[in-house]
Amino acid sequence: MKKLLLLATLFAFASCDNTVLYNETAEDFKDNRWLATDVKNFEFELARDINAGDIIMKFSHVHDPQFTTIPVEAVITYPSGEKENVALNLELKDKEGNDLSECLGDVCDLFTPLKENSKLSKGKYKIALRNSFPNIYLPNAITVGISVETDN
């Protein structure tokens, strides 16, 4: 009986895991600077329709940056050719100054949804990310990436 209960518990936890359909990271920030002119492009293809999928942006940065938000623009091109502009303000700290990123040592990761629980059609997608920081570059940037996940 204990073995059956253990197996049922493990199955319940395993069924809650999201399936990662795509994951890519750009790590080419010279001197940890994301230039305003440096658009990061990601392309992927979904082999099937997804009823409830998430498109998530990952931003890795140096611990304790001197700013609390980062403006980012995303352009999603769907398989139909339709484009959607998504404006984000990546929140790095809360009102009390606490980190909202997951930090390990001097590197922090922030995960922000571009699309949540969305129907994603089969086909090719393109996502272009550009920082809108009011300077020629965004300092303390380590990586930026895109992942597509589903729980079905």
Side-chain angles (χ1 to χ4, degrees), residues 13-152:
F13 281 118
S15 65
C16 294
D17 289 340
N18 283 354
T19 301
V20 176
L21 303 172
Y22 169 78
N23 188 32
E24 185 177 353
T25 303
E27 302 175 353
D28 56 345
F29 296 118
K30 186 177 179 188
D31 298 323
N32 293 342
R33 295 176 176 180
W34 186 2
L35 299 174
T37 58
D38 185 13
V39 177
K40 298 298 181 189
N41 293 293
F42 302 89
E43 294 185 25
F44 59 93
E45 185 169 356
L46 296 179
R48 62 182 173 90
D49 289 339
I50 305 299
N51 290 326
D54 300 329
I55 301 175
I56 301 166
M57 177 185 165
K58 175 187 173 187
F59 177 68
S60 298
H61 60 89
V62 174
H63 181 261
D64 202 22
Q66 65 268 29
F67 33 85
T68 59
T69 62
I70 300 169
V72 173
E73 295 175 19
V75 178
I76 303 171
T77 305
Y78 294 96
S80 65
E82 177 187 348
K83 292 184 179 187
E84 179 180 5
N85 294 319
V86 180
L88 300 169
N89 271 322
L90 303 181
E91 301 286 334
L92 301 180
K93 295 183 180 275
D94 63 17
K95 292 179 183 178
E96 290 79 35
N98 300 313
D99 288 324
L100 295 174
S101 302
E102 299 172 11
C103 298
L104 183 61
D106 289 338
V107 177
C108 299
D109 297 325
L110 181 69
F111 300 90
T112 304
L114 295 176
K115 302 294 286 182
E116 282 186 291
N117 204 28
S118 297
K119 181 168 175 49
L120 301 172
S121 299
K122 174 182 173 178
K124 293 184 180 184
Y125 288 76
K126 295 179 184 179
I127 299 177
L129 298 175
R130 183 178 81 74
N131 89 70
S132 302
F133 194 70
N135 203 336
I136 58 173
Y137 65 86
L138 172 67
N140 300 322
I142 299 173
T143 67
V144 66
I146 294 290
S147 68
V148 179
E149 301 176 4
T150 185
D151 60 1
N152 59 13

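For the residue pair Gln66 and Pro139, the shortest heavy atom distance occurs at NE2-CG, 3.5 Å. Among all heavy-atom pairs drawn from Lys122 and Asp49, the shortest one is N-OD1, 2.7 Å. When every heavy atom of Pro113 is checked against every heavy atom of Leu88, the shortest pair comes out as O-CD2, 4.2 Å. Residues Thr143 and Glu27 share a closest heavy-atom pair of CG2-CG, 3.4 Å. In terms of heavy-atom proximity, Leu110 sits nearest to Ser101 at CB-OG, 3.6 Å. Listed here is the closest heavy atom pair of Ala128 and Val39: CB-CG1, 3.8 Å.
In this structure, the side chains of Glu116 and Asp54 come closer than 4.5 Å at one or more pairs of heavy atoms. Contact of the Tyr125 side chain with the Pro79 side chain is registered, since non-hydrogen atoms from C-beta on lie closer than 4.5 Å. In this structure, Val72 and Val144 have side chains that are not in contact, with every pair of non-hydrogen atoms separated by 4.5 Å or more. For the pair Asn85 and Val75, the minimum side-chain heavy-atom distance is below 4.5 Å.
Around atom NZ of Lys95, no more than 12 heavy atoms belonging to other residues, nucleotides or ligands sit under 6.0 Å away. Atom CG of Asp106 is surrounded by 12 or fewer heavy atoms from other residues, nucleotides or ligands within 6.0 Å.
Qualifying ring-ring contact (aromatic ring centres under 6.0 Å, His included) partners for Phe29, counting only residues two or more places apart in sequence or in other chains: Trp34. Not a single side chain to side chain donor-acceptor pair (under 3.5 Å) links Asn23 to another residue, sequence neighbours left out.
Here Thr112 contributes atom OG1 and Leu90 contributes atom CG; the two are 4.5 Å apart, rounded to the nearest 0.5 Å. Considering CZ of Phe111 and OG of Ser60, their distance stands at 7.0 Å, rounded to 0.5 Å. The CZ atom of Arg33 lies 13.0 Å from the CG atom of Asn131; values are rounded to the nearest 0.5 Å. Taking CG of Asn41 as the reference point, atom CD1 of Ile127 lies at 10.0 Å (rounded to 0.5 Å). With rounding to the nearest 0.5 angstrom, the CG atom of Asp38 is 10.5 Å from the CG atom of Leu129. In this structure, the separation between CG on Leu120 and CD1 on Ile55 is 5.0 Å, given to the nearest 0.5 Å.
Salt bridge present: Lys93 and Asp99 bring a charged side-chain N and a carboxylate O closer than 4.0 Å.
Between Phe133 and Phe67, the distance separating the two ring centers is shorter than 6.0 angstrom.
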Walk me through it: do Ile146 and Glu24 pass the test side chain to side chain contact (heavy atoms under 4.5 Å, CB included)? CA-CA 6 Å; Ile146 294 290; Glu24 185 177 353; 5.9 Å; no
Under the criterion side chain to side chain contact (heavy atoms under 4.5 Å, CB included), I'd like the reasoning laid out for Ile136 against Leu35: C-alpha separation, chi angles, the key distance, then a yes or no. CA-CA 6 Å; Ile136 58 173; Leu35 299 174; 5.7 Å; no
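Proximity of a side-chain donor or acceptor of Asp94 to a complementary backbone N or O of Glu96 within less than 3.5 Å is detected.
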